[in-house]
Structure formats: C-alpha cells, structure tokens
Amino acid sequence: MPDRRFRRADLAIPADELAPRLLGCSLVRTFADGTVLRGVIVEVEAYLGPADQASHARDGRRSPRNESMYARPGTAYVYFTYGMHHCMNIVCAEEGLPHAVLIRALAPADGIDRMRALRTGDKPRKRPLADRDLCSGPGKLCQAMAIDRSLDRADLLNSTKLALLPPHPGDAPGRSARTPRIGLGECGAWAERRLRWVVADSAYVSTRQGLPRAEKR
DNA sequence: GCACCGATCGCCT
DNA sequence: GGCGATCGGTGCT
C-alpha cells in the first residue's frame, strides 16, 4: 500500500484550525540509505500571518530566511536560531499568506536508536538519553530527525526526505489542551492567546507550562 | 558597519 | 530557577 499523504487542500486552512488536527499525525524522515525515523506529533503552535506579532512574518516581513512561509501549504519552514538550534514549521493557509504551525514535540515511534545517536552526537554520556528527551522540544526534534536548513522549502506532501502523514486509522491521539505559546517576548495580546495545543497526558511534551496541575505526571 | 537579540537547550546552583 | 553558549537576522547609525 502506498503511503498515505494529506492532500494540498487539507492544509489550505488557517494555522489555528490546522494546528489541533496535527496532533496524532506522524512526521517521517527518510534517509538515502533507507533508514526511517518517525515521531507522532504531540505539541504544536499556530502562527497566524502578518497580524501575529510573534511571527517571523509579522507586519508582512519577508526575507530569504522566512521566504518559505509564503509558499504553498504543505511546505516546510525550517529556521536557525540561538546560534545552534533549528525549528520546523508546516506552512498552511493559501499560498502567499504566511501562516505556519511550529512542531514543538514528538513522541518517538520508529528509528529511536538512530534518533538517540543524532541527539547525543560525539558527546560521552553516563546514561543514554531517555526516550522522553529525544524530541521534547522544537530544537531537540530537529536534531533527532536531522532537520536543518537544507530541508527548508521541502514539500511535505511529495518529498522523499521528509513527510507528514495523517494518524493511523483508529489511533486515538488523546485529550488535548490549549495554552499560550512558549518563549515569546513582548508581543502584547498575541503572547496571551492560546495558540499552543498539546496532548495533555503525553510524557513527550516540551514543558507542562500552562497545563492544569491535575494533569502533571 | 555594528549592536542587539532570539518560536532553545543543557548544565549549574 | 538561573544563565551561558553561539551566530545569523534584523534594524539602526
């Protein structure tokens, strides 16, 4: 059976509509040697276009760095930040309107040992990284999946290297919770809007910030 | 040209 | 909980 993919039209919707639907979907990284890494999306944030003061595209900003935000829905937007980390977004809404969903955490599913090797690199460690430390943050998951600027502008609906797949039929993603987005500076009311969605009971989220205490584990 | 800072992480106290 | 790492993007002089 050929792998299932989204249709372009499925992603041609605003980021705050797409984001919750991405919980439970898989992000799949395939290497030239056939190695496959897969994680299930458990945490996302929506960035809502030119008006969104937390977005790289705020006030219509457009540059070589964020050009892919203006591309077709289904395009990957990968950027470099803090001098050492990459973060990955799924571009959505109509082409030319810079909406995107930041992938903040994955539950590792396939290729876990390879992810661990990618995360650990050459650094000697007393204990191997725990599974919950592999993809529990936007920078971590890019390191674990070998996602960098070379995958910026990749088409997640057709790329052989990086793909977005819908949940397996019958997969229950679990209860989701909404919170404000993480790590924003002064963005006025935009910092307060609840544009982050997390699988509330997942052990693989980046932080429990904003989640009800009763859901802490 | 140059100074500031970031959609983060890991290590330290 | 705090802070340094590390460097490209951005905006101002």
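Heavy-atom basis, side chains included; hydrogens, waters and symmetry copies ignored. Residue numbers start from 1 in every chain, and the chains themselves are labelled A, B, ... in the order their sequence lines are given, proteins ahead of strands.
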Rounded to whole angstroms, how far apart are [atom1] on [X] and [atom2] on [N]?
{"X": "A/R119", "N": "B/dC11", "atom1": "CZ", "atom2": "C1'", "result": "13 Å"}
{"X": "A/R58", "N": "B/dA7", "atom1": "CZ", "atom2": "P", "result": "7 Å"}
{"X": "A/L184", "N": "B/dA7", "atom1": "CG", "atom2": "P", "result": "7 Å"}
{"X": "A/H85", "N": "C/dT6", "atom1": "NE2", "atom2": "P", "result": "11 Å"}
{"X": "A/M69", "N": "C/dG9", "atom1": "CE", "atom2": "C1'", "result": "14 Å"}
{"X": "A/L134", "N": "B/dG10", "atom1": "CG", "atom2": "C1'", "result": "15 Å"}
{"X": "A/M84", "N": "B/dG6", "atom1": "CE", "atom2": "P", "result": "14 Å"}
{"X": "A/H99", "N": "B/dA7", "atom1": "NE2", "atom2": "C1'", "result": "16 Å"}

Give [X] one of three labels, base, sugar-phosphate or nothing, depending on what nucleic acid heavy atoms sit under 4.0 Å from its own.
{"X": "A/R149", "value": "nothing"}
{"X": "A/L102", "value": "base"}
{"X": "A/N89", "value": "base"}
{"X": "A/R181", "value": "nothing"}

Checking A/S68 against A/R153: is there a side-chain donor and acceptor pair closer than 3.5 Å?
no
Any [X] side-chain N or O less than 4.0 Å from OP1/OP2 of [N]:
{"X": "A/H56", "N": "C/dG9", "value": "no"}
{"X": "A/S63", "N": "C/dT10", "value": "yes"}
{"X": "A/R104", "N": "B/dT8", "value": "yes"}

Look at atom CG of A/D33 and say whether more than 12 heavy atoms of other residues, nucleotides or ligands are closer to it than 6.0 Å.
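Correct, the count exceeds 12.
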Is the shortest side-chain heavy-atom distance between A/T160 and A/T30 below 4.5 Å?
no
Contact list for DNA chain B against residues 135-147 of chain A - heavy-atom distance below 4.0 Å:
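Output list: A/G137, A/P138, A/G139, A/K140.
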Could you walk me through whether A/R58 and A/Q53 pass the side chain to side chain donor-acceptor pair (under 3.5 Å) check?
CA-CA 5 Å; A/R58 61 187 173 278; A/Q53 291 303 297; 5.0 Å; no
Identify whether the distance between the nearest side-chain nitrogen and carboxylate oxygen of A/D155 and A/R5 falls below 4.0 Å.
no
Inspect the contact between A/R127 and A/D133 and indicate whether a charged nitrogen and a carboxylate oxygen are less than 4.0 angstrom apart.
no
Would A/Y47 count as stacked on B/dA7 if the rule is ring centres under 5.5 Å and plane angle under 30°?
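A/Y47 vs B/dA7: stacking yes.
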Under 30°, 30 to 60°, or over 60°: which ring-plane class applies to A/H86 and A/F80, parallel, tilted or perpendicular?
tilted
Does A/R114 qualify as a cation-pi partner of A/F31, given the criterion of NZ or CZ under 6.0 Å from the six-membered ring centre and within 45 degrees of its axis?
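Yes, a cation-pi geometry holds between A/R114 and A/F31.
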Say you pick atom P in B/dC5 and the same atom in C/dC3; how far apart are they, in whole Å?
16 Å
Keeping the roles fixed (side chain from A/R8, backbone from A/P73), state whether a donor-acceptor pair exists under 3.5 Å.
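Side chain of A/R8 to backbone of A/P73: a pair is present.
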Does the base of C/dA5 carry an N or O that pairs as donor and acceptor with the side chain of A/Y82 under 3.5 Å?
no
Can you give the dot-bracket line for DNA chain C, using ( ) for pairs inside the strand, [ ] for pairs that cross earlier ones, | for pairs with another strand and . for unpaired bases, where Watson-Crick and G-U count if both distances are under 3.5 Å?
|||||.||||||.
For the pair A/L184 and A/W190, evaluate side chain to side chain contact (heavy atoms under 4.5 Å, CB included) and give the outcome as yes or no after the intermediate values.
CA-CA 9 Å; A/L184 306 187; A/W190 286 95; 6.0 Å; no
Mapping A/K123 and A/A54 onto DNA chain B by nearest heavy atom, which one lands closer to the 5' end?
A/A54
